[in-house]
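What you see is a predicted model, and the numbers here were worked out from it, not measured in a lab.
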Amino acid sequence: MLLKSQDKVNHLNNMPFFQNAVFFTSVNDIRNLPVHSGVEVAFAGRSNAGKSSVINKLTNRNRLAFVSKTPGRTQLINFFQFDKELFLVDLPGYGYAKVPLSIRQHWEQFLSTYLQTRESLHGLVLIVDIRHPLKPLDIQMLDWFAPTGKSIHILLTKADKLSRNQANNTLIEVRKYLQQFYAHCSVQLFSSTKGDGVEEATSVINGWFGINQTTLPINSRKNKKPPVKGE
């Protein structure tokens, strides 16, 4: 079936033009971050929340981001480059209890500094397992990044693990929480296994890279509030 003219434009806007992303570099020290004049979009999430699977799904690549069977194994910031100076940035997973304290402290300092001071970082995709929404460390990530005034989009991953009603109810609960404390932070359901939510997420990220007019600015957190669900 042929697409009408406007439908073609919308379809192209929602295509992940970052499918040609290739590995660029890995760093483990803030001083070694690459120097460029381009745009970065970072992906963050708790260990085993499905972050690598999300990146692989969005880029339509099977092994672009390393999927580890051992949570907490990836300890580097990995940069993937495409279209000159545009980058997808895979941040280390957080929240894995068996990681030594010294490494956890290093990650915390590294991640907070990167999120709060990186000028080329235009948006953060926060990966959250829908079965464990907005744990304290997820809230910490929001608190680090929200004051920058930059965009945040939350993917509630593994939505296929719940019934449709359960998934939608969790989405509603999280959205209400965000509207109260992070008024302009957006959220959606996502399944790497079934591909649900890929088009919506792609449209948001394309907007951050300047592919369309979709932008999602976020204001600083209004006031303090415990996480939706404690650990």
Side-chain angles (χ1 to χ4, degrees), residues 21-36 38-56 58-59 63-81 85-129 132-155 157 182 185 205 208 218 220-221 224 226-231:
V22 295
F23 175 76
F24 181 72
T25 189
S26 294
V27 298
N28 192 35
D29 191 297
I30 201 73
R31 295 169 295 182
N32 297 329
L33 290 172
V35 178
H36 62 79
V39 176
E40 297 171 5
V41 168
F43 291 74
R46 291 177 59 86
S47 296
N48 209 29
K51 176 167 54 66
S52 295
S53 295
V54 167
I55 294 174
N56 289 336
L58 291 177
T59 57
R63 297 181 61 82
L64 182 65
F66 179 70
V67 181
S68 175
K69 294 182 180 179
T70 303
R73 179 173 177 178
T74 304
Q75 302 176 12
L76 305 171
I77 291 184
N78 295 306
F79 288 77
F80 302 99
Q81 183 183 25
E85 290 193 323
L86 301 179
F87 299 85
L88 299 177
V89 184
D90 184 8
L91 302 179
Y94 54 85
Y96 186 52
K98 293 184 179 180
V99 173
L101 177 61
S102 59
I103 294 180
R104 293 206 307 270
Q105 291 175 335
H106 172 71
W107 286 357
E108 180 173 332
Q109 179 63 34
F110 194 13
L111 288 177
S112 63
T113 302
Y114 172 78
L115 292 173
Q116 294 171 2
T117 65
R118 185 69 166 172
E119 292 186 3
S120 56
L121 178 59
H122 282 210
L124 174 68
V125 180
L126 185 61
I127 312 301
V128 176
D129 188 329
H132 312 287
L134 295 185
K135 293 292 189 177
L137 290 179
D138 300 321
I139 298 298
Q140 183 178 65
M141 295 295 288
L142 293 174
D143 282 341
W144 281 341
F145 197 62
T148 68
K150 298 177 182 179
S151 303
I152 298 177
H153 188 60
I154 296 177
L155 301 184
T157 59
Y182 301 89
C185 181
I205 298 170
W208 295 351
I218 179 171
S220 298
R221 193 177 183 186
K224 290 295 179 179
V228 172
K229 296 180 179 179
E231 292 193 299

Chemist: Do you know the tightest heavy-atom contact between Pro34 and Arg118?
Modeler: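 Taking Pro34 first and Arg118 second, the nearest heavy atoms are O-NH2, 2.7 Å.
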Chemist: Would you say that Leu134 contacts Ile154 through its side chain, given a criterion of any heavy-atom pair below 4.5 Å between the two side chains?
Modeler: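 Touching, per the 4.5 Å side-chain cut-off.
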Chemist: Output yes when Asp90 and Lys51 qualify as a salt bridge under the 4.0 Å nitrogen-oxygen rule, no when they do not.
Modeler: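 Looking at Asp90 and Lys51, the cut-off is met.
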Chemist: Determine whether Tyr114 and Leu33 satisfy the following criterion, side chain to side chain contact (heavy atoms under 4.5 Å, CB included), listing intermediate values before the conclusion.
Modeler: CA-CA 9 Å; Tyr114 172 78; Leu33 290 172; 3.9 Å; yes
Chemist: What pairs of residues pass the salt bridge (charged side-chain N to carboxylate O under 4.0 Å, His left out) test when at least one of them lies in residues 107-116, not counting sequence neighbours?
Modeler: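 Counting only pairs at least two positions apart or across chains, no salt bridge (charged side-chain N to carboxylate O under 4.0 Å, His left out) contact touches residues 107-116.
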Chemist: Compare all side-chain heavy atoms of Thr59 with those of Phe80 and state whether any distance is below 4.5 angstrom.
Modeler: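 Heavy-atom side-chain distance check fails, nothing below 4.5 Å.
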Chemist: Going by the rule ring-ring contact (aromatic ring centres under 6.0 Å, His included), which residues pair with Phe110 if we only count those two or more places apart in sequence or in a different chain?
Modeler: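 Residues passing ring-ring contact (aromatic ring centres under 6.0 Å, His included) with Phe110: His106.
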Chemist: Specify the closest pair of heavy atoms between Phe145 and Leu115, including all atoms of both residues, with the distance to one decimal.
Modeler: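 Nearest pair, atom of Phe145 first, then Leu115: CD1-O, 3.4 Å.
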Chemist: With rounding to the nearest 0.5 angstrom, report the CG to CD1 distance, Asn48 to Ile127.
Modeler: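 Reported value, rounded in 0.5 Å steps: 13.0 Å.
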Chemist: How would you list, by chain and number, every residue that makes a side chain to side chain contact (heavy atoms under 4.5 Å, CB included) with Leu111, sequence neighbours excluded?
Modeler: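 So Leu111 forms a side chain to side chain contact (heavy atoms under 4.5 Å, CB included) with Leu91, Pro92, Trp144.
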Chemist: After noting the C-alpha distance and the side-chain angles of Arg46 and Asp129, does the key distance pass the side chain to side chain contact (heavy atoms under 4.5 Å, CB included) rule?
Modeler: CA-CA 8 Å; Arg46 291 177 59 86; Asp129 188 329; over 6 Å; no
Chemist: Can you tell me how far the NE2 atom of His153 sits from the CD1 atom of Ile205, to the nearest 0.5 Å?
Modeler: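 Output value for this atom pair is 7.5 Å.
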Chemist: Could you check whether any side-chain heavy atom of Phe43 comes within less than 4.5 Å of a side-chain heavy atom of Leu58, counting everything from C-beta outward?
Modeler: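 In contact.
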Chemist: With rounding to the nearest 0.5 Å, note down the distance linking CG in Asp29 to CG in Leu76.
Modeler: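 Answer for the CG-CG pair, Asp29 versus Leu76, is 11.0 Å.
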Chemist: Report the distance from atom CD of Glu119 to atom OG1 of Thr148, rounding to the nearest 0.5 Å.
Modeler: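 Glu119 atom CD to Thr148 atom OG1 measures 11.5 Å (nearest 0.5 Å).
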Chemist: Would Trp107 and Ile77 count as a side chain to side chain contact (heavy atoms under 4.5 Å, CB included) here? Give the steps.
Modeler: CA-CA 10 Å; Trp107 286 357; Ile77 291 184; over 6 Å; no
Chemist: Checking the side chain of Thr157 only, and the main-chain atoms of Val128 only, is there a donor and an acceptor separated by less than 3.5 Å?
Modeler: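 Yes, Thr157 side chain to Val128 backbone: donor-acceptor pair under 3.5 Å.
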Chemist: Do the side chains of Lys150 and Leu124 get nearer than 4.5 Å, heavy atoms only?
Modeler: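 No, every pair of side-chain atoms sits at 4.5 Å or beyond.
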Chemist: In chain order, what residues pass the ring-ring contact (aromatic ring centres under 6.0 Å, His included) check against Phe87, with sequence neighbours excluded?
Modeler: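 ring-ring contact (aromatic ring centres under 6.0 Å, His included) list for Phe87, sorted by chain: Phe24, His36.
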Chemist: Locate the shortest heavy-atom distance separating Gly93 from Ser47; write the atom from each residue and the value.
Modeler: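 Taking every non-hydrogen atom into account, C-OG, 3.7 Å.
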Chemist: Run the side chain to side chain contact (heavy atoms under 4.5 Å, CB included) test against Gln105 and tell me which residues pass, sequence neighbours left out.
Modeler: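 Applying side chain to side chain contact (heavy atoms under 4.5 Å, CB included) to Gln105 gives Leu101.
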Chemist: Which distance, rounded to the nearest 0.5 Å, do you find between the CG of Leu121 and the CD of Gln116?
Modeler: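 Answer rounded to 0.5 Å: 11.5 Å.
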Chemist: Distance check, rounded to the nearest 0.5 Å: Glu40 atom CD versus Gln81 atom CD?
Modeler: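 Going from CD on Glu40 over to CD on Gln81, the span is 10.5 Å.
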Chemist: Residues two or more places apart in sequence or in another chain: which of them pass side chain to side chain contact (heavy atoms under 4.5 Å, CB included) with Thr113?
Modeler: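 Ile30, Gln109, Thr117.
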